[in-house]
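Working notes, structure below.
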Amino acid sequence: MPNAADVANRIAIAAKSIKVLADAGIVAPMKPQTMVKAIGATVRWGSTPAAGYTASAARRPGNTAIVDELGSLTFSEVHERTNALANELNNQGIGAGDNVAVLARNHRGFIDATVAISKIGANALYLNTMFASPQIAEVCEREKPVALVYDEEFTELIEEGGRNLKRFVAWHDAEESRSGDPTLDSLIARGSTADLKAPADPGRVVILTSGTTGTPKGANRQQPKSMLPVAGLFDKIPLKSEQRVLISAPMFHSWGFAHFTFGLALGSTLYLHRRFDPDQMLQTIQDQRCQVLAVVPVMLQRALELPEEAFSGRDLSSLEVIAVSGSALPGPLATEVMDRMGDVLYNLYGSTEVAWATIATPEDLRAAPGTAGRPPMGTVIKLFDDDGNEVPHGETGRIFVGNELQFEGYTGGGHKAFIDGLMSSGDVGHIDEGGRLFIDGRDDEMIVSGGENVFPREVEDAISHIEGVDEVAVIGVEDDQFGQRLRAFVVAQETAQVSEDHVRAHVKANLASYKVPRDVIFIEELPRNATGKILKRVLVDHDS
């Protein structure tokens, strides 16, 4: 039985959550008839994409929901389009509990498919747009989808994996699709716009892990038991209702998809581009007066590589939030972004499995560049050693996270490790005296060189501070004398005077001598996946 202090703490957290949600505009006054429709949608559909657009169509039918290369759609139009598509998918024999794969870039078709799949109670399986044909076939064989929604540019890639599936084209560049498969627009045009009956069980969302160290796994995402996790995030990142949001991060992955779902709750206008272009991103922020930008770190890096006039010649003052996640945010990059674009940068650390763990505010990033921040309300993090003992601040340990958004296990079986009800993030890190978390690396990336333990992230951070260095990745390679030695891959600016000796000397001046990389290799770019994470398994095979 909880004691009085626990009860009082829960009441205080609940009260704060309500205030945060009210400040964000999720809880807001509305006409009685509108309130009945909005609440009814949530009761019927739960915390799903179906509920989001059904409720927004009731609350703000004429507001713009989506702006992409084809134009704009209101919330009412999206609701009717997705009703029509859902009814036609049912007519095609697709129903509750079926898996439907989606291979699409950021555009209205992605949202049409996602919401319609949700309305029939099917499960949405999102495929990475950078997958090769064998990976698509492998995932489809494992996950057993009955249908595949895809952009026509991927026709050849889905030939094997989609051979025996019902197939529908989400986007085609020509006036008519040349694939021979029906398009989503054709299904929408002939489908009934009548509301559907909510399924007995809401469909699941399956997000694939990054696959940076192996085959991507499907992660079942559970629905939160309360609004506490969302309130905790909004308490750290000042997202508000009806903002103009540019989602540059790919929506098939956790971070881009998260901002899609935030937009559902907040009634945001979402601006989408199928392909990332840093100059186009800045132009859209200026032209559309975007208030929120959702990106992965490499997108910010690419923007900073543009000529100075790309920033000085544009008005980016509308930005209130630059929300970044998906991979490590180096301290120098964070500082330069804020110097160029204002102190509106928020760095979220998490994973597909644990959702979000910590959030660094602009104040955190100014005080301690490179930090992952502190846990938001409703989230707990602890660091443990290999024996399961909690480590004190300042010492490196395995990161474990607890919240209501943890995944329910991999679709192919298996789970993450648990200690005291907290789930492993798969990373190691340390907490400074201010309570801020720093990520030292993956728990399977530790390099043992001459008996000393080295985590690559610390060495990478040191090298990234060298003037003229754009990016760096450090791995361990076999060594006859020391077991392993450090190898650094450095991307330097063309005009930079950076040498191998310069890199080694800088690391030696700032870190222990056993952390100095024996090998320093200069390359033009680091191999990355679609979310910007560095593919270190590719670097292992790089010729030295």
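Using a 4.0 Å cut-off between charged side-chain N and carboxylate O, Asp420 and Lys382 make no salt bridge. A salt bridge links Asp279 with Arg314: the closest approach of a Lys/Arg side-chain nitrogen to an acidic carboxylate oxygen falls below 4.0 angstrom. Comment: Arg289 engages Asp315 in a salt bridge, judged by a side-chain N to carboxylate O separation of less than 4.0 angstrom. Arg108 and Asp112 are not joined by a salt bridge, as no carboxylate oxygen comes within less than 4.0 angstrom of a charged side-chain nitrogen. Salt-bridge formation is detected for the pair Glu471/Arg302: a Lys NZ or Arg NE/NH1/NH2 atom is positioned less than 4.0 Å from an Asp or Glu carboxylate oxygen. Asp151 has no carboxylate O lying under 4.0 Å from a charged side-chain N of Arg105, or vice versa, which leaves the two without a salt bridge. Under 4.0 Å is where a charged nitrogen must lie from a carboxylate oxygen, and between Lys236 and Glu363 no such pair does. With salt bridges taken as basic N to acidic carboxylate O contacts below 4.0 Å, one links Arg340 and Glu308. With salt bridges taken as basic N to acidic carboxylate O contacts below 4.0 Å, one links Asp364 and Arg374.
Looking at Asp235, its side chain never comes within 3.5 Å of a backbone N or O of Gly232 through a donor-acceptor pair. No donor-acceptor pair under 3.5 Å is formed between the side chain of Asn389 and the backbone N or O of Asp385.
Heavy-atom contacts from other residues, nucleotides or ligands closer than 6.0 Å to CD of Glu524 number 12 or fewer. Atom CG of Asp339 is surrounded by more than 12 heavy atoms from other residues, nucleotides or ligands within 6.0 Å. Within a 6.0 Å radius of CD in Gln283, other residues, nucleotides and ligands contribute more than 12 heavy atoms.
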